[in-house]
Amino acid sequence: MSHSPFKVLFTLFAVVASLVFADRYFFDRKLTHIGPVLAKKPASYIFAKLESARFFLNGLANIRSLVSENEKFKKENLILVSRLADYENIKEESSFLKNAFKIASRFSNEIVYASIFSSQLGFDGYDVILTSGVESGANDNDIVITEDGVLVGKIKRSYDGFAHVLMVNDPDFSVTAKVLSSNTAGIAKGALDKGLYFDLIVQSDAIKEGDIVVSSGMDFFPPALIIGTVSYVETNETNLFKKVKIRPAMEDVKIGRVLVVKKSDRN
Amino acid sequence: MTGIKLFIIFILALMTDGLILPALFNFKNSSLALLAILLPILYMGPEKRTILWGLFFSITSESFRGLNLGTLAIPFLFTVVVICLAQRSLDIKYTYNDRFSLGRSVIVAFVSVAFVYIFSFFYGWGKVGTGFLSPVISLTIMLESLVLIFVFNIVFNNKNDYV
């Protein structure tokens, strides 16, 4: 076996180590940030167009079920409209009480519009890049949602010109969650290709496949953000907790265009 | 010419991984870009040109993903050291006459799964993310390896492409 590859490797180790040193101490770790800044505009355009194409093709594939789905959605819409009226009422009361007791909102009304333009599987989760960074007002730990109120994730790290997003199905992601219209609550944790696991659901808690899971607001995430749908429930009397999987709601919506919800300065 | 072909394949793999598969097919568990970095080393052998190209692709991938310099490049170099040591006993690289050999393709695809995990071991500085250790991801890596090997078999149809 020729020793040539090892000589080459040794030289390359030295070169890369020098570049890493220079990048860290002279360029403030910004040498490789040129890529996302240059690519974000064309890439986000292509990403959005491809997502639209996917939804269009899915629509064509499901064209036969359109009529029955339409009837089902009309009924659901009526239920939601009546709930909306209750919600507006409760929101008004909550706002009045907060003003009366001078309680600051945990989340500001500031929203930053952004686009996701790359999503790749990495060794420690997904490398998802947002077009907005520190200069646009998107900061670390700001919440990323879609216009429909679906939770996409939070900003892992924000730089000049772009930001890394920690998606809901990333292993490092967790959020306190509850089942909609139920007292069942737990912690939803990302599990890559398996979606999310809904932990701390005891055997006596009522939960079934199809239940909608939303953020409970007991942590740094706003309440009532849609996380996903329960896709699997395993009950085992020998275990303290049930094994519950959640299918992320962001799989069924477009994530090309997102909103970044900024936290209040008091947090 | 080999380098240009490799570069085009790498760019296509990067765009497929990061843009086309997640946006058009809602498939986020692809590792094509990583395989486009590692597979030429396995396919053509750990030669100077393949190592240099692999390093260039690693740095390009870091740039596209917004990762810090060295995040992929250093684990790549460590992985190549392991490949060099493994080549002494495995001899898995292709020759011009071996192209389209199904048996060799399957073997290289299996080996590429192992080396992706070795890459992740060096990436995590001794730890492999438990989420990444998934049968679905392993199977995806293997199938994508087979696809890339097939592409290499067609594209590298010149004896000069092989050592």
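Basis for what follows: all heavy atoms, side chains included, without hydrogens, waters or symmetry-related copies. Per chain, numbering begins at 1; letters A, B, ... match sequence-line order. What you are looking at is a predicted structure, and each value in this text was computed from that prediction instead of being measured.
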Separation of A:Ile129 CD1 from B:Arg65 CZ (nearest 0.5 Å):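 Between B:Arg65 CZ and A:Ile129 CD1, I get 8.5 Å after rounding to 0.5 Å.
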Interface moiety of [X] toward chain B, non-hydrogen atoms closer than 4.5 Å:
X: A:Tyr126; value: side chain
X: A:Val16; value: side chain
X: A:Ala39; value: side chain
X: A:Phe162; value: side chain
X: A:Leu12; value: both
X: A:Leu19; value: both

Choice from B:Ile59, B:Leu55, B:Val116, B:Asn29 maximising heavy atom contacts with chain A below 4.5 Å: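 That would be B:Asn29.
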Option in B:Ile20, B:Leu67, B:Thr50 with maximal non-hydrogen atom pairs under 4.5 Å from chain A: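 Heavy-atom pair counts peak at B:Leu67.
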Note: A:Lys156-A:Asp172 ion pair, threshold 4.0 Å (strictly below):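 So A:Lys156 does not pair with A:Asp172 through a salt bridge.
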Residues A:Arg54 and A:Glu51 bridged, charged N to O under 4.0 Å: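 Salt bridge flag = yes for A:Glu51 with A:Arg54.
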Can a donor-acceptor pair be found between the side chains of [X] and [Y] at a distance below 3.5 Å?
X: A:Asn139; Y: A:Ser158; result: no
X: A:Ser115; Y: A:Arg257; result: yes
X: A:Glu251; Y: B:Asn26; result: yes
X: A:Asn169; Y: A:Tyr197; result: no

Greatest number of heavy atom pairs closer than 4.5 Å to chain B - which of A:Ala17, A:Ser119, A:Gly122, A:Gly256: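 Highest number of heavy-atom pairs under 4.5 Å: A:Ser119.
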Is [X] close to chain A through its backbone or its side chain, or both, or neither, when contacts mean heavy atoms under 4.5 Å?
X: B:Ser30; value: backbone
X: B:Phe78; value: both
X: B:Leu21; value: neither
X: B:Leu34; value: side chain

Least distance between heavy atoms, B:Phe27 atom then B:Thr140 atom: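 Nearest heavy atoms, B:Phe27 then B:Thr140: CZ-CG2, 3.5 Å.
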Parallel, tilted or perpendicular: ring planes of B:Phe57 versus B:Trp53, cut at 30 and 60 degrees: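 Ring orientation, 0 to 90° scale: tilted.
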